[in-house]
2 protein chains.
Amino acid sequence: MHTEESTIIQKISKKTTIEPNAIAVVTSLYRIGQGIKNKLEQEVLAKHKISWTSFSILYDLWIYGKMETKELALSAGVSKATISNIMRTLENKSLCRRETDPRDRRNTFVVITPKGKEVIEELYPEFHEGEIAIVKGLKTDDQKQLAATLYKLIKDNKF
Amino acid sequence: MHTEESTIIQKISKKTTIEPNAIAVVTSLYRIGQGIKNKLEQEVLAKHKISWTSFSILYDLWIYGKMETKELALSAGVSKATISNIMRTLENKSLCRRETDPRDRRNTFVVITPKGKEVIEELYPEFHEGEIAIVKGLKTDDQKQLAATLYKLIKDNKF
DNA sequence: TCAGAATCATTAGCTATGAAACGATTCTAC
DNA sequence: GTAGAATCGTTTCATAGCTAATGATTCTGA
């Protein structure tokens, strides 16, 4: 979508201001985001039978060791309900373990297991190779500038 | 995820080359893509009870008037099955209409209806305001440079 | 000519996700 | 001390999307 700016400008410009840069940027960003997810899911995660969100959660646990479920939801950008479902799956695979907070039994901590560490340490290098491949066509300076601009977008929009 | 590069470098750098720029760019791109979808769905499309993909398809039909279902699938980045389901919904709402190709009855064309045009012409300006809001924190030159870099990413990766 | 391959759209079954409801637990104000 | 508000995680229900199977149609090669 959004490939024919001149046409669309004809269609509505009488009533509305059109900013082609906004169209190009927003459309491209969404397309690339989906492309990244699809590519890495198919090329890296699929053969290990682990979903994008599960990988993201296992990664967080690998880095931080122990997290509350609500922190995991925030970090992975999914709802508490999704975390609850994913935790059941990961726990069935013995990749992590839930523990009730003794001080406040409403809270639940999640801990990565040794088996969970094995899996993520096998998986991550391959995932990172995929990340590198995606940006390898850009010069280092362009990568840095892009990172800075994206960071500003995230901050401005609270993404 | 991917917020603690130093930690992760410690964890696997003995075996693997880490490129922080690749991590920052890929992670940010995915996060922004999801953020854009969520924001525009909630702030613009939700009150009109139309999904992101349905909007995208209606937009394409608005621009091109008449398209084959397989073209719609490619343009919207979803499967033919999804198009089939969405077409049923849009047809029930009388926003578009399916027609069998008389030359090859395996093919189906989709045409936007007058009511479909009304809906998209009411909806699009508001959607575009959302697009503008997302990038408004960036200077015009930065927007242009970003668009160019994203375009290269799309081309390199065939996204 | 015509049998099988190819190419469509559609359907069925599945997974992932979110919103809302729910029960358990803790906090707060009096 | 205690009733009500707030905050958890979980469950339930609904929706979006995909893969694989299906049926209809057209093409192809002998």
Side-chain angles (χ1 to χ4, degrees), chain A residues 30-31 33-35 37-43 45-58 66-93 96-111, chain B residues 30-31 33-35 37-43 45-58 66-93 96-111:
Chain A
Y30 175 71
R31 179 179 288 264
Q34 282 301 109
K37 184 187 179 200
N38 292 338
K39 179 169 190 165
L40 293 179
E41 265 182 346
Q42 288 168 22
E43 295 182 1
L45 303 180
K47 61 184 137 187
H48 298 274
K49 305 247 183 195
I50 191 166
S51 72
W52 176 271
T53 308
S54 291
F55 174 79
S56 162
I57 286 173
L58 205 54
K66 181 180 188 178
M67 293 178 78
E68 294 185 30
T69 52
K70 60 186 170 184
E71 291 175 327
L72 285 170
L74 189 64
S75 173
V78 295
S79 70
K80 295 182 301 172
T82 298
I83 293 293
S84 190
N85 287 323
I86 288 176
M87 287 320 302
R88 189 179 44 196
T89 303
L90 292 179
E91 216 171 24
N92 287 339
K93 291 183 180 177
C96 61
R97 192 174 68 243
R98 277 179 282 201
E99 291 178 357
T100 302
D101 182 352
R103 301 189 202 179
D104 184 342
R105 300 211 304 264
R106 291 172 302 183
N107 292 345
T108 301
F109 285 109
V110 184
V111 186
Chain B
Y30 175 71
R31 179 179 289 263
Q34 282 302 108
K37 184 187 178 199
N38 292 338
K39 181 168 190 166
L40 294 179
E41 265 181 347
Q42 288 167 23
E43 296 182 0
L45 303 181
K47 60 183 137 186
H48 298 275
K49 305 251 184 192
I50 190 165
S51 73
W52 176 270
T53 308
S54 291
F55 174 79
S56 161
I57 286 172
L58 205 53
K66 181 178 187 178
M67 292 179 77
E68 293 185 32
T69 51
K70 60 186 171 186
E71 289 176 328
L72 285 170
L74 189 64
S75 173
V78 296
S79 70
K80 294 184 300 172
T82 298
I83 294 292
S84 191
N85 286 323
I86 288 176
M87 287 320 304
R88 188 178 46 193
T89 304
L90 292 179
E91 216 171 25
N92 286 340
K93 291 182 180 178
C96 61
R97 191 176 69 242
R98 280 180 279 201
E99 293 177 356
T100 303
D101 182 353
R103 301 192 202 178
D104 183 343
R105 298 212 305 264
R106 292 171 301 183
N107 293 346
T108 301
F109 285 109
V110 183
V111 185

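Numbered from 1 within each chain, the chains take letters A, B, ... in sequence-line order.
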Discussion item. Assess the residue pair A:Ser56 and A:Thr53 against the criterion (side chain to side chain donor-acceptor pair (under 3.5 Å)); give the C-alpha distance rounded to whole Å, side-chain angles, the decisive distance to 0.1 Å, and a yes or no.
Written reply: CA-CA 5 Å; A:Ser56 162; A:Thr53 308; over 6 Å; no

Could you run down the sub-3.5 Å N/O contacts of the protein with nucleotides 3-7 of chain D?
from: D:dT7; atom 1: O2; to: A:Arg106; atom 2: NH1; distance (Å): 3.4

Worksheet item: B:Asn85 CG to C:dT11 P: how many Å, rounded?
Response: 8 Å

Item to complete: For B:Ser79, report the nucleic acid contact type (base, sugar-phosphate, nothing); a contact means any heavy atom under 4.0 Å.
Response: base

Item to complete: May I ask you to say what B:Ile86 touches in the nucleic acid, namely base, sugar-phosphate or nothing, with a heavy-atom cut-off under 4.0 Å?
Response: sugar-phosphate

Worksheet entry | B:Lys37 NZ to C:dT17 C1', straight-line distance once rounded to whole Å | 10 Å

Discussion item. Of the options C:dT10, C:dG18, C:dA16, whose atoms approach the side-chain atoms of A:Ser51 most closely?
Written reply: C:dA16

Discussion item. Is the shortest side-chain heavy-atom distance between B:Met67 and B:Val110 below 4.5 Å?
Written reply: no

Fill in: Under 4.0 angstrom between B:Ser84 side-chain N/O and C:dA9 OP1 or OP2
no

Discussion item. Within the 4.5 Å heavy-atom criterion, are B:Asn38 and B:Glu41 side-chain neighbours or not?
Written reply: yes

Worksheet item: Once you round it to whole Å, what is the distance between P of D:dA16 and CD of A:Gln34?
Response: 15 Å

Response to the item:
To the nearest angstrom, the NZ-P distance between A:Lys80 and D:dT11 comes to 13 Å

Item to complete: Working to the nearest 0.5 Å, report the span between OG1 of B:Thr69 and NZ of B:Lys80.
Response: 8.0 Å

Worksheet item: Between D:dG9, D:dT26, D:dG17, which nucleotide gets closest to the side-chain atoms of B:Arg105?
Response: D:dT26

Practice prompt. Go through C:dA19, C:dT26, D:dG17 for me and flag the one nearest to the A:Ala81 side chain.
Written response: C:dA19

Discussion item. OP1 or OP2 of D:dG17 versus the side-chain N and O atoms of B:Thr53: is any pair under 4.0 Å?
Written reply: yes

Worksheet item: OP1 or OP2 of C:dA9 less than 4.0 angstrom from a side-chain nitrogen or oxygen of B:Thr108, does that happen here?
Response: no

Worksheet item: In whole Å, what is the span from the CD atom of A:Glu71 to the C1' atom of D:dC8?
Response: 13 Å

Discussion item. Rounded to whole Å, how long is the line connecting atom CH2 of A:Trp52 with atom P of C:dA16?
Written reply: 15 Å

Worksheet item: Closer to the 5' end of DNA chain D via nearest nucleotide, is it A:Glu68 or A:Gln42?
Response: A:Glu68

Worksheet, complete the sentence: Here the distance between atom C1' of D:dT15 and atom NZ of B:Lys49, to the nearest Å, is 12 Å

Worksheet item: Would you say B:Ile83 and B:Lys70 make side-chain contact, with heavy atoms under 4.5 Å?
Response: no

Item to complete: For A:Glu91 and A:Arg98, indicate whether the former's side chain and the latter's backbone hold a donor-acceptor pair under 3.5 Å.
Response: yes

Discussion item. Using whole Å, what does the distance between atom P of nucleotide C:dA16 and atom CG of A:Leu90 come to?
Written reply: 11 Å

Discussion item. Check the phosphate of D:dG9 against A:Arg88, side-chain N and O only, distance under 4.0 Å to OP1 or OP2. Yes or no?
Written reply: no

Worksheet item: How many angstroms lie between atom CG of B:Leu72 and atom OG1 of B:Thr82, to the nearest 0.5 angstrom?
Response: 12.0 Å

Item to complete: Measure the CG-CZ distance between A:Asn107 and A:Arg105 for me, rounded to the nearest 0.5 Å.
Response: 12.0 Å

